Amino acid sequence: MQGGRVREEREPRAVKTLENSQFKEEPSPMLRTWTDTHYKLEDDDWLYIATHEEQSSASLVCPGYARDGEGFSIHFTPAHIEMLEHLLGALRIIQAQQEAMLEYAYPESKGSRQHLIR
């Protein structure tokens with residue numbers, strides 16, 4: 001697991017105020033922190049899909065025993081389809097760019113251009 005962004009937000013905490021000659025506890029700001037978790041999958045990481053009909057969802061699972069205890073499962077519902085399609089589209093563009101670079105034929109150098117590195 002790699003580190004992520006930390007977002008901070010204020011949450012109420014108790015503060016004593018005077019009301020009708022008695023002290024009353026009221027909310028006041030308190031620091032609350034979230035951490036976004038990031039995983040970088042390797043090309044050979046074991047992944048599988050699990051369906052959960054009772055929850056109307058499916059999940060992408062990367063088991064912890066295959067990743068030194070850093071496994072995860074992300075549940076998706078039909079509401080996520082459009083975003084997942086955008087993710088697939090972005091990955092297909094990257095794949096096409098990589099394939100184009102592998103298939104690119106460098107032009108043959110002529111005479112004095114022997115210094116070009118291929």
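What you see is a predicted model, and the numbers here were worked out from it, not measured in a lab.
The shortest side-chain heavy-atom distance between Ser73 and Leu60 does not fall under the 4.5 Å cut-off. Between Tyr39 and Ile74, every side-chain heavy-atom pair lies at or beyond the 4.5 Å cut-off.
By the 6.0 Å contact criterion, CG on Asp43 is open, its count of non-hydrogen atoms from other residues, nucleotides or ligands being 12 or less.
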Name each donor-acceptor pair under 3.5 Å that joins a side chain in residues 45-57 to protein atoms two or more places apart or in another chain, with its distance.
from  : atom 1 : to    : atom 2 : distance (Å)
Asp45 : OD2    : Glu42 : N      : 2.8
Asp45 : OD2    : Arg67 : NE     : 3.2
His52 : NE2    : Ser59 : OG     : 2.8

Donor-acceptor pairs under 3.5 angstrom involving side-chain atoms of residues 78-98: please list them, not counting sequence neighbours.
from  : atom 1 : to    : atom 2 : distance (Å)
His80 : ND1    : Thr77 : N      : 2.8
His80 : ND1    : Thr77 : O      : 3.4
His80 : ND1    : Thr77 : OG1    : 3.3

